[in-house]
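We name chains A, B, ... by the order of the sequence lines, and we start the count at 1 in each one.
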Amino acid sequence: MGFSKSYEPGEYESDIYAAWEAADVFKPKIPTIPVDDDESGTDDRMESGEYNTYSIVMPPPNANGNLHIGHGLTVALEDALIRYNRLMGKSSWYIPGADHAGFETWVVYERNLEKQGHTRFEFDRDELYSRVWNFVAEQRGNMELQLRALGASCSWQDLTFTLDENVVDQVYTTFEKMWQDGLIYRGEKLVNYCPKHQTAFADIEVEHKDEKGTLWDIEYKLADDPSRESTISSPTSIIVSTTRPETLFGDAAVAVNPEDKRYKNLIGKRVKLPLTDKTIPIIKDEHADPEYGTGAVKITPAHDFDDFQVGERHNLPRLQVIAEDGTMVNVPEKYNGLTASECRKEVLKDLKRQGLLKGEKKIEHSVAHCYKCGTVLEPMLKEQWFVDVERLAKVAIEHLENDEIKFFPANKKAVLINYFKGLKDWNISRQIPWGIAIPMFRKVDERATDEPDWIFDRRTHLKEIEKAGVKYVRDEDTFDTWFSSSQWPIVCTNWTPENYNPYYPLNVMETGADILFAWIARMIMMGIYVTGEVPFREVYLHGLVLDGQGKKMSKSKGNVINPMDLVTKYGSDAFRLGILRGRSAGMNQAFSENSVVAGRNLCNKLWNISRLIQSIVDDAAEESENSTSGITRDNERDEASRESTISSQYETLNMGEDWICREINECLKQVETDMKAYRFADAVEILYSTIWDKYADWFLESQKLFKNVELLKTTLEALLIALHPFAPFVTEVIWQNLSWTEGFIITAKWPSELEYDPISAEEFENIRTIVSEIRTTLQALPGTNNANKYGLLYDNDSLVNDNQLLIKALSKVPTINSLAGAPRGLRLALANHELYLDVPENVVKEYRDALEDRILAIGRELDALNARMFNPNYVDKAPAHLVKETRDQIKEKEALISRLKAQQELI
RNA sequence: GGGGAUUUAGCUCAGUUGGCUAGAGCGUACGAUUCACAUUCGUAAGGUCACAGGUUCGAGCCCUGUAAUCCCCACCA
């Protein structure tokens with residue numbers, strides 16, 4: 001292939017991914033289906049000790065959608081973990097998924113249906129299900145292609161769709177167990193109901209928004225009561241406050257607070273419900289707040305959550321007056337069939353006409369909306385399937401408090417426990433056809449009184465079944481998507497009760513912090529319930545990706561960044577490096593194209609580093625070819641290539657070489673700690689600075705003088721492998737391009753520690769200090785382009801004497817000479833070296849001010865150090881090594897100042 | 001009402017167990033230029049670490065309080 005002048009990701013990425021797939025490198029090394037050949041009941045791999053595994057499941061993206069920026073972040077994080085652990089030698093399994101996304105997809109489909117002039121009510125459930133199935137099948141594949149473009153090294157043959165047979169099987173098995181354990185019940189309760197989509201939601205799916213509304217005061221006249229006439233002052237009516245006058249037809253009572261003196265003698269009396277002939281009682285209940293409105297509140301148990309509870313306490317009838325399509329039912333003829341909002345207008349008009357509307361007030365209150373279409377949700381009385389969460393939540397809390405799951409960020413554990421403590425029963429019925437059918441059948445045979453009303457049966461493809469001569473019909477509802485998702489780690493890892501499974505629990509669950517409750521909480525409850533074990537050992541939560549200004553991305557704001565655009569423009573690696581930069585667990589963080597540009601630049605830098613090294617390797621090979629006879633040459637080559645696969649067959653000869661080994665070791669160690677602690681941004685940063693600031697700027701520059709071919713190879717390999725989890729494509733392209741590497745980098749081995757001479761490494765650090773000081777001083781001198789103007793003079797300095805070539809090359813000074821005891825020019829501000837730039841006196845004089853500044857600055861540092869030492873407590877209590885360090889620094893600064901002052905006097 | 005965060009350079013963010021003379025990227029200014037890379041190289045400027053107390057030899061970090069910004073849950077006739 002060869003190295004072109006710059007790295008063009010578009011030319012290589014898809015080929016590289018295809019090569020990985022063809023070589024089947026994403027597949028875990030250890031089989032993923034439990035093995036029990038000797039029928040001992042345990043997995044045979046346990047006995048052989050092969051359980052060095054690492055598993056992650058991908059939060060399944062919507063099967064018929066496109067990936068958004070959050071998916072981009074998810075893949076960058078999860079794939080980095082998987083690739084890192086693969087390089088560490090673990091049998092790593094990244095399990096991809098696709099979500100049928102029940103409600104989301106249904107909304108899209110229903111919209112299409114409406115566009116074509118149809119409604120869902122023209123078809124039965126089975127028909128609709130197969131229609132949506134086909135609709136999704138047409139769209140599928142997009143997101144899978146996009147995951148490939150992002151470089152996700154997931155095991156494609158294990159892709160799980162949330163409606164796959166094994167998923168449904170597991171869901172039914174779990175549901176059956178829960179049904180038998182009494183954790184599932186059918187209840188008539190108020191549920192949040194969207195009249196547009198005609199389905200109920202779980203509490204968690206409801207979006208509350210603060211809105212302006214009106215609070216009306218309506219007079220309810222006391223029903224005829226003989227005692228009323230006895231005193232003239234006694235009231236003849238009670239005024240209630242309400243935001244929903246149209247529901248008054250469903251009122252079952254008027255409640256007042258037991259402590260409220262105003263109404264004390266009205267309790268127990270009856271009032272006439274306006275616009276009807278009905279009468280209802282006045283009751284006392286804590287729910288009525290004397291401070292709010294008139295202090296009297298109408299109770300409508302069928303259409304308000306609080307009123308439902310009041311109704312339960314007082315055994316009030318629940319009369320439904322709004323039907324599932326949002327129109328009025330069970331109301332006087334004239335209102336029947338109106339929509340709720342039309343009815344409200346009529347009711348208000350009629351109340352006014354009768355003089356019963358006593359006041360209105362503008363208020364702000366929060367209103368529940370459908371999170372998809374924005375329609376105001378109607379609390380609706382419905383029979384639904386509920387999960388009794390009390391026991392599940394209690395057990396989950398125990399496991400959490402037992403520290404069985406580690407959270408990143410750590411505070412999310414407390415947040416989750418807090419959530420579990422207040423969790424209410426979970427409505428898992430949805431009235432949409434697109435989903436997993438609830439496997440329950442209702443008895444229709446009235447005569448079979450001994451049989452239960454509902455039975456569990458897996459044959460949901462049948463509309464009705466017969467058991468022991470009794471007929472049952474299928475419940476037409478489907479499961480809440482989160483009910484099936486809650487078992488995702490179980491189904492994806494092929495967990496079974498019989499066999500040990502080395503991939504369950506997952507090592508880590510990585511997902512968005514926004515679905516901590518909806519998903520993480522439910523996976524924990526259900527995972528423990530089904531398997532007895534927590535479903536994952538660690539949880540890493542990422543925050544939202546915000547736009548460059550820190551604003552939430554939204555279509556309406558037009559600030560949505562499409563990850564695929566950035567991948568096309570800068571390459572997958574650049575995107576991945578860019579999106580990880582500056583990001584930490586659980587935080588919503590801004591993201592801009594700039595950081596992707598920085599990532600792209602790093603890829604190009606690495607490319608050119610490799611290009612340089614390859615050219616050095618080629619030159620060396622050519623040289624040895626010229627200097628040896630044909631026969632021995634071949635032998636040598638064989639030898640060399642064999643050695644290179646063993647790697648680290650190098651010897652350090654020059655200081656820069658020891659130094660870079662030290663720095664790379666340090667970097668690798670840092671990356672290892674960062675990965676353990678999920679500090680992705682830190683890992684990227686240390687790699688960035690090691691590759692760029694250290695390897696390229698210092699080591700490679702020094703290698704232009706001394707070419708250590710074997711070391712160049714070894715160190716480049718180490719850096720490529722270390723960066724691979726974050727920039728998989730460019731590192732693999734380079735790996736394939738280099739003449740001496742073999743196989744794929746994706747399956748390479750994490751580099752081992754490099755050997756070096758620490759004294760020599762430290763000497764190179766001194767050289768760097770000297771060179772930096774030369775550069776700084778040259779820049780500060782008057783005039784431009786000073787680099788090649790002034791020579792360097794040294795006195796009695798073996799480090800400089802021995803490394804003249806290196807210093808010259810790095811600092812660009814034209815000459816280096818011993819000044820032989822006669823100092824001249826400008827002294828460099830280095831305490832341990834007597835070095836001068838051979839600058840003419842007039843230039844030195846112009847530099848005087850800069851020198852003065854320098855002396856003052858060092859003086860201030862010295863003062864701070866001295867102040868520390870004058871404090872006896874510091875000397876007593878601070879650790880000895882710090883005190884010594886301070887002493888040394890004082891000595892150094894004092895020496896430096898006195899020398900600079902001497903210099904100043906010379907001028 | 002309950003819970004959780006955030007506040008550090010112009011911008012976006014690091015700062016892990018208190019040792020800091022507070023860092024990075026981008027941006028800005030100045031300089032360089034054939035020989036891997038202008039997607040480059042070198043140098044610099046830029047900070048009252050939100051505020052007020054406290055603990056400590058030592059606080060960006062720990063404690064108490066205040067302010068501002070944000071998120072989640074519950075409630076709102």
Contact class for [X] (heavy atom, under 4.0 Å): base, sugar-phosphate, or nothing?
| X | result |
| --- | --- |
| A:Thr242 | sugar-phosphate |
| A:Ala414 | nothing |
| A:Lys421 | nothing |
| A:Leu215 | sugar-phosphate |
| A:Lys298 | nothing |

Measure from the side-chain heavy atoms of [X] and tell me the nearest of [options].
| X | options | result |
| --- | --- | --- |
| A:Glu685 | B:C26, B:C37, B:A24 | B:A24 |
| A:Lys893 | B:A14, B:A36, B:U21 | B:U21 |
| A:Pro879 | B:G19, B:A36, B:U21 | B:G19 |
| A:Tyr688 | B:A74, B:C26, B:U43 | B:C26 |
| A:Phe517 | B:C73, B:G25, B:A36 | B:C73 |
| A:Ala878 | B:U6, B:A36, B:C57 | B:C57 |
| A:Val415 | B:G4, B:U12, B:U39 | B:G4 |

Determine the minimum heavy-atom distance between A:Tyr874 and A:Leu882, stating which atoms define it.
OH-O, 3.6 Å
Closest non-hydrogen atom pair, A:Leu577 against A:Ala727:
CD1-CB, 4.2 Å
Looking at [X], does any N or O in its side chain come under 4.0 Å of the phosphate oxygens OP1/OP2 on [N]?
| X | N | answer |
| --- | --- | --- |
| A:Asn588 | B:C70 | no |
| A:Trp692 | B:U40 | no |
| A:Ser584 | B:A14 | yes |
| A:Lys605 | B:C41 | yes |
| A:Arg775 | B:A44 | no |
| A:Lys424 | B:C75 | yes |

A:Arg522 to A:Trp426 six-membered ring, cation-pi geometry met (6.0 Å, 45°)
yes
Report the base-pairing partner of [N] (Watson-Crick or G-U wobble, both distances below 3.5 angstrom), or none.
| N | result |
| --- | --- |
| B:U28 | B:A44 |
| B:C20 | none |
| B:G1 | B:C73 |
| B:A59 | none |
| B:U66 | B:A50 |

Using the [atom1] atom on both, measure [N] against [M] and round to a whole Å.
| N | M | atom1 | answer |
| --- | --- | --- | --- |
| B:C26 | B:U39 | P | 13 Å |
| B:C62 | B:U56 | C1' | 10 Å |
| B:A45 | B:G23 | C1' | 16 Å |
| B:A36 | B:G60 | P | 46 Å |
| B:G19 | B:G2 | P | 35 Å |

Mapping A:Leu546 and A:Asp697 onto RNA chain B by nearest heavy atom, which one lands closer to the 5' end?
A:Leu546
On RNA chain B, nearest-nucleotide positions of A:Asp674 versus A:Arg868: which is more 5'?
A:Asp674
N/O donor-acceptor pair, side chain [X] with base [N], under 3.5 angstrom:
| X | N | answer |
| --- | --- | --- |
| A:Gln779 | B:G31 | no |
| A:Gln589 | B:A14 | no |
| A:Arg581 | B:U12 | no |

Answer yes or no: is there an ion pair linking A:Asp285 with A:Arg313, defined by an N-O contact shorter than 4.0 Å?
yes
Would you say A:Lys557 has more than 12 foreign heavy atoms packed within less than 6.0 Å of its NZ?
yes
